[in-house]
Amino acid sequence: MSAPTAPRPVVSTTPRPVMLGMPALPPTSPRGVGNLRGDESFPAFARHSLQDAQLRRNLGNATQTIRGKREQVVAEVDDWQELREAGRQLKVHTMAQLETYLPQLEAAVTAQGGVVHWARDATEANQIAIDLIQAKGVDEVVKVKSMATAEIGLNEALEAAGIAAVETDLAELIVQLGHDKPSHILVPAIHRNRSEIREIFLREMEGVDPELTDEPAALAGAARRHLRRKFLSAKVAISGANFAIAETGTLAVVESEGNGRMCLTLPETLITIMGIEKLVPRWSDLEVFLQLLPRSSTGERMNPYTSMWTGVTPGDGPQEFHLILLDNGRTAVLADGEGRDALNCIRCSACLNVCPVYERAGGHAYGSVYPGPIGAILSPMLTGIEDNASLPYASSLCGACYDVCPVKINIPEILVHLRASHTETYAAEHRRPSVEATAMKAVAWVMSNPTRWKLALRSGRIGRILGRQRGMIGEVPLPLAKQWTDARDIPQPPQQTFRDWWAKEHKES
Amino acid sequence: MKIALFITCLADAMFPQVGQATVTLLTRLGHEVVFPADQTCCGQMHVNTGYQKQALPMVQSFARVFEPYDAIVAPSGSCVGSVRHQHELIATRFGTPGLVDDVQAVAEKTYELSELLVDVLGLTDVGAYYPHRVTYHPTCHSLRMLRVGDKPQQLLRNVESLELIELPDADQCCGFGGTFAIKNVDTSTAMLADKMRRVLDTQAEVCTAGDSSCLMHIGGGLSRIRAATKTVHLAQILASTRDHPAQLADSRVGHAEVVS
């Protein structure tokens, strides 16, 4: 312990008024950069994607398989519920103490020879990466599969700066070569089949054998030969991170293929871009997450490769390490007391695999790199609700996502919260209420009062005149009801409501 | 035991037979059923569609109307889920601390039908008779919000002459989801199609559940494709006895007298 420093000289003893400024919400992710916003609303996109039989089949098969595997390996763990609770508490604690742990991480990484950069948003993070790569004088980098870099549109930004980014995760490579977008957090090319992959490789891969078949082993072999050349020539690698340990400054990436480890060890320079929420306080916290993540994600007891690195080690691995800490709307999520648990996500994608909406509509319908139930809550909070207003409604609130979440994020509750945020934001910004708001207000007015409700029930029976021969209202010519009757019949209202029946029964007795 | 019936707005307006069956069943079991006439709706549709503040009067009304009773039953897992999990939120956000206490107290004694029968009344055999091939769809809110588990199946297994066929992928949502069925009609219908396929694969005469809303959705789809399988609420099966057997045609979704 060093001696206490001398007290600072007192400049002035007169209290002066201080302007602290008005409290403001932290900024959301900026428009025009990155991949958090779609071109169409969820229902509009889903309308197209639902017609894709290949997609429906692939998604159905893949999600069912992973669901089954997950269920099996989770059932093996006696203390799974305790583990989930531990994971949740660790995340909640960390998010509440970011101002302690982030500087601690920065100090630890710096002490180990790394350089830490702070990026407010996608634009800043991309620019920092571009500057670092250009300083190395290279025009090609290899990449580890990373959600954060997909979120900020790093590949697009690098391309604009004349730098080619080579994705080395097999599925990401397929997506990249196909000039396509990922549709699943873990299995980005889940929407592609073997023969499509073969065609993409034949068209886009340099020096590929023209006799390439669509056998999985042959496709993997072609990708391996392509990537080996890239690994051996790359001077700079870019990665994300699954975890960062504040006390040691250690970064961790978990993966299946080993291509990530090639990127993390072979090039001279490593640049890691990490959302500020990926932090855990202590080394021992990984004990919890390294059990939760693989079982929830791939349905494996342990993922094949867990790579960890702490700063730089002379003579071993990259000799220059940069860590870019990314906000890009995360502080705005943190400011939302009801929604902030979305930051606890460890990107396992278990919620996607159990979601009946995701399984049918597919990942692209969410318009963001974060699809499925977690995307439906995270994307609107990162961008501001108005830019992803349809996402909180892209759920039947069935609750399957909450049951499987390894860190117990109550996704249905946050969806309901965001729906309220949406209608309340709309009401505050528009003088005229929406048609829906007017209707809901009218219904609430009726339902808040028994007399009005009884009257409405009586007059509602006018609907019976619309009844058809089978006793069903087949197609009601009302705009809202049409959405229902397009695909389902609705029963004709009964002659007598329950309350009328009750009143009659009890009058006579 | 004196039991107050929360009929739910949907059953009141569209499925009175479900309320009648609930009354018949509980009366047969020796309980007094009362129907507080000032009840309206739990407010779930408003909360789930983003209109939380508008739900406040309904939440207040529910607490006021049902406060005097020892036990409240509703033939709906979803509406009980709203009472138990959403009313406190609305009271906390827009009401008074007194209202929070009131909604908590009422929520504690509000039960879904199978919960009331199995947990409160301690029954798994209610003396019912239903000579049909039946499959059970556990609705999402019964399953994952209320955690009723296999209580409905326990009750169904003890119904005389009922053949219970297991529904494959039973825990998958039918695609109803309240206004989801309207706002995301295409995805909702795709989910419904898969649910109907599973139901039809069982070759059951009847698909039952604890929620009229989900049954209205599944039944509306089955009716549209002119399938023979009918949707019948759990209460109607449990109310059926040898002396007063339920007529299948009477309980069909959409089967009501036509006014021309």
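Lettering follows sequence order; numbering is per chain, from 1. What you see below is based on every heavy atom in this structure, not just the backbone, and it leaves out hydrogens, waters and symmetry mates.
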Would a line drawn from the ring center of [X] to the ring center of [Y] be shorter than 6.0 Å?
X: F498(A); Y: F35(B); result: yes
X: H87(B); Y: F62(B); result: yes
X: Y393(A); Y: F180(B); result: no

Sub-3.5 Å donor-acceptor pair from the side chain of [X] to the main-chain atoms of [Y], do we have one?
X: Q39(B); Y: I7(B); answer: yes
X: R488(A); Y: H217(B); answer: no
X: R144(B); Y: C398(A); answer: yes

At a heavy-atom separation under 4.5 Å, does [X] approach chain A through its side chain, its backbone, both, or neither?
X: R64(B); value: neither
X: V59(B); value: neither
X: Q172(B); value: side chain
X: H85(B); value: neither
X: L222(B); value: neither
X: M145(B); value: neither
X: H46(B); value: both
X: T49(B); value: both

W501(A) six-ring centre to R499(A) NZ/CZ under 6.0 Å and within 45° of normal: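 No.
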
Check against side chain to side chain contact (heavy atoms under 4.5 Å, CB included), C140(B) and C173(B): CA-CA 6 Å; C140(B) 298; C173(B) 177; 3.5 Å; yes

Contact between [X] and [Y] at the side-chain level, heavy atoms closer than 4.5 Å - yes or no?
X: Q236(B); Y: V18(B); result: yes
X: H141(B); Y: D211(B); result: no
X: K408(A); Y: R84(A); result: yes

Under 4.5 Å from any heavy atom of chain B, what part of [X] do you find: side chain, backbone, both or neither?
X: S395(A); value: backbone
X: L397(A); value: both
X: R56(A); value: side chain
X: E413(A); value: neither
X: A365(A); value: neither

Charged N-O contact under 4.0 Å between D403(A) and R147(B):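 Salt bridge: yes.
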
Pairing of R84(B) and E115(B) as salt bridge, 4.0 angstrom limit: yes

Pick from V443(A), V446(A), V354(A), T451(A) with the largest number of heavy-atom pairs that fall under 4.5 Å of chain B: V443(A)

Heavy-atom pair count under 4.5 Å with chain B, highest-scoring of E424(A), H422(A), K441(A):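 Most pairs with chain B among the choices: E424(A).
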
Residue-level contacts of residues 185-192 of chain B with chain A, using a heavy-atom cutoff under 4.5 Å: V185(B), D186(B), T187(B), S188(B), T189(B), A190(B), M191(B), L192(B)

Least distance between heavy atoms, L391(A) atom then P380(A) atom: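 Heavy-atom minimum between the residues: CB-CG, 4.0 Å.
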
When T40(B), L5(B), D12(B) are compared by non-hydrogen pairs under 4.5 Å with chain A, the top option: D12(B)

Contact leader toward chain A among A193(B), A181(B), S61(B), where contacts are heavy-atom pairs under 4.5 Å: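 Maximum pair count with chain A is reached by A181(B).
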
